[in-house]
Student: 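Structure incoming, see below.
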Amino acid sequence: MKLDARVIADAALGLLDEIGLDGLTMRKVAAALDVQAPALYWHVKNKRELLDEMARSLFVDAVDGVEAPRQGEDWQDWLVGLTARLRRSTTRYRDGAKVLAGTYVDDESMWRTVELTLRTLEDAGFEKSGARRVFPILLHYTVGYVIEEQARAGADYGEGDPYRSERIGSIVDPARYPRTAAMVTEVASADPDAEFEYGLRVILAGIVATGTKG
């Protein structure tokens, strides 16, 4: 197998479910590839660069096949679909969102996706300055949501489901805090896909309401 940055990044991603991001080292990646650690440094100089390559791999997979909105397709529906792709890509791996957070994705697929997004927003009536603010907002929301989602999935709340609604709901006294208890129970048992889209729709509605759309 010929080593390159993508091969190394994919091997590192494959280790995440077992050891997590905190346990990831260049030595462990090298062992997974059955090479010596110095061989990796020809392609990635350090762990920071490795994380950038891992993020690049996640993003490339997420936007594979993305095209401009179809004729008649609502711009918000298109953005929801695009953002959902990124969430699915990051949730494939333990700590996937942490990999993406704070990294620099230098890839044609990134610039093409951003360009498609900006053009879609401008076609929907956004001013250029307003359109440029939207993509980072959606990216940050997605990364933050998945970090929280994956943290909850990894938490231990007792036997069985690690985030059982009955366990979380019992924390709040419903007699004293009925509204809070109802909210906590509802959040704990909510479908994460539906909650993700709901939050995204709220953000998009807010973007329109604040006047960034002409």
Side-chain angles (χ1 to χ4, degrees), residues 5-26 28-29 32 44 46-66 76 78-114 116-117 133-157 161-165 168 184 186-204 206-207:
R6 180 67 190 255
V7 168
I8 295 168
D10 287 345
L13 288 169
L15 290 173
L16 289 180
D17 283 346
E18 178 184 352
I19 61 178
L21 189 58
D22 290 341
L24 186 68
T25 65
M26 299 290 278
K28 289 179 180 178
V29 176
V44 288
N46 48 48
K47 188 174 180 181
R48 177 71 267 168
E49 193 167 301
L50 173 61
L51 289 173
D52 285 344
E53 289 296 334
M54 292 166 69
R56 176 178 178 271
S57 184
L58 283 174
F59 192 87
V60 168
D61 288 346
V63 301
D64 182 42
V66 167
Q76 294 196 36
W78 185 83
L79 282 177
V80 167
L82 175 63
T83 313
R85 278 173 165 262
L86 184 57
R87 174 172 167 263
R88 285 194 298 270
S89 183
T90 54
T91 54
R92 286 174 57 198
Y93 303 99
R94 175 183 171 186
D95 294 334
K98 288 183 179 180
V99 168
L100 197 58
T103 51
Y104 178 69
V105 178
D106 182 8
D107 190 87
E108 185 71 19
S109 65
M110 168 63 87
W111 314 132
R112 179 179 179 275
T113 301
V114 173
L116 278 175
T117 302
R133 301 177 71 179
V134 175
F135 189 86
I137 290 172
L138 300 184
L139 178 62
H140 298 160
Y141 167 72
T142 303
V143 170
Y145 185 95
V146 177
I147 286 175
E148 175 70 12
E149 182 180 16
Q150 294 187 317
R152 289 182 177 183
D156 183 9
Y157 290 97
D161 184 350
Y163 198 58
R164 293 180 301 167
S165 60
I168 301 302
V184 170
E186 183 176 314
V187 168
S189 60
D191 173 39
D193 294 341
E195 289 300 294
F196 175 77
E197 181 172 338
Y198 178 79
L200 188 56
R201 297 280 184 183
V202 170
I203 290 171
L204 292 173
I207 287 170

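What's counted below: heavy atoms across the whole structure, side chains too, no hydrogens, waters or symmetry copies.
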Student: Quick one, Val63 with Arg112, criterion side-chain contact (heavy atoms from CB on, under 4.5 Å). Give me CA distance, side-chain angles, the key distance, then yes/no.
Tutor: CA-CA 10 Å; Val63 301; Arg112 179 179 179 275; over 6 Å; no
Student: Cation-pi between Arg87 and Phe196: NZ/CZ under 6.0 Å from ring centre and within 45° of the ring axis?
Tutor: yes
Student: Kindly check if the number of other-residue, nucleotide or ligand heavy atoms within 6.0 Å of CD (Glu195) is above 12?
Tutor: yes
Student: Passes side-chain contact (heavy atoms from CB on, under 4.5 Å), Asp10 versus Arg6? Steps please.
Tutor: CA-CA 6 Å; Asp10 287 345; Arg6 180 67 190 255; 3.1 Å; yes
Student: Checking side-chain contact (heavy atoms from CB on, under 4.5 Å) for the pair Leu139/Leu100: CA distance, chi angles, key distance, verdict?
Tutor: CA-CA 10 Å; Leu139 178 62; Leu100 197 58; 4.2 Å; yes
Student: Are Arg56 and Asp52 ion-paired here, with the side-chain N under 4.0 Å from a carboxylate O?
Tutor: no
Student: How would you list, by chain and number, every residue that makes a side-chain hydrogen bond (donor to acceptor under 3.5 Å, both in side chains) with Asp17, sequence neighbours excluded?
Tutor: none
Student: Backbone N or O of Lys98 within a donor-acceptor pair of the Asp95 side chain at under 3.5 Å?
Tutor: no
Student: To the nearest 0.5 Å, what is the distance between CG (Leu50) and CZ (Arg48)?
Tutor: 9.5 Å
Student: Could you tell me if the side chain of Leu16 sits less than 4.5 Å from the side chain of Val99, heavy atoms only?
Tutor: yes
Student: Regarding Asp22 and Arg94, does a basic nitrogen lie under 4.0 Å from an acidic carboxylate oxygen?
Tutor: no
Student: Nearest 0.5 Å, what's the OG1-CD distance between Thr91 and Glu149?
Tutor: 6.0 Å
Student: In the structure I gave you, are the side-chain heavy atoms of Leu51 and Met54 within less than 4.5 Å of one another anywhere?
Tutor: yes
Student: Any donor and acceptor pair, going by atom type alone, linking the side chain of Arg133 with main-chain N or O of Ile207 inside 3.5 Å?
Tutor: no
Student: Go through the steps for Asp106 and Trp111 under the test side-chain contact (heavy atoms from CB on, under 4.5 Å), then give the verdict.
Tutor: CA-CA 8 Å; Asp106 182 8; Trp111 314 132; 3.6 Å; yes
Student: Any chance you could measure Arg92, atom CZ, to Asp61, atom CG, to the nearest 0.5 Å?
Tutor: 5.5 Å
Student: Any chance you could measure Arg88, atom CZ, to Leu58, atom CG, to the nearest 0.5 Å?
Tutor: 13.5 Å
Student: Do side-chain atoms of Ser57 reach the backbone of Glu53 as a donor and acceptor pair under 3.5 angstrom?
Tutor: no
Student: With a 4.5 Å limit on heavy-atom distance, are the side chains of Thr90 and Gln150 in contact?
Tutor: no
Student: With no hydrogens and no angle check, is any side-chain donor or acceptor of Glu197 less than 3.5 Å from a backbone partner on Val80?
Tutor: no
Student: Specify the closest pair of heavy atoms between Tyr93 and Leu13, including all atoms of both residues, with the distance to one decimal.
Tutor: CD2-O, 3.3 Å
Student: In terms of ring plane angle, is the pair Phe135 and Phe59 parallel, tilted or perpendicular, where the classes change at 30° and 60°?
Tutor: perpendicular
Student: Working to the nearest 0.5 Å, report the span between CZ of Arg85 and OG1 of Thr142.
Tutor: 13.5 Å
Student: Measure the CD-OG1 distance between Glu49 and Thr103 for me, rounded to the nearest 0.5 Å.
Tutor: 12.5 Å
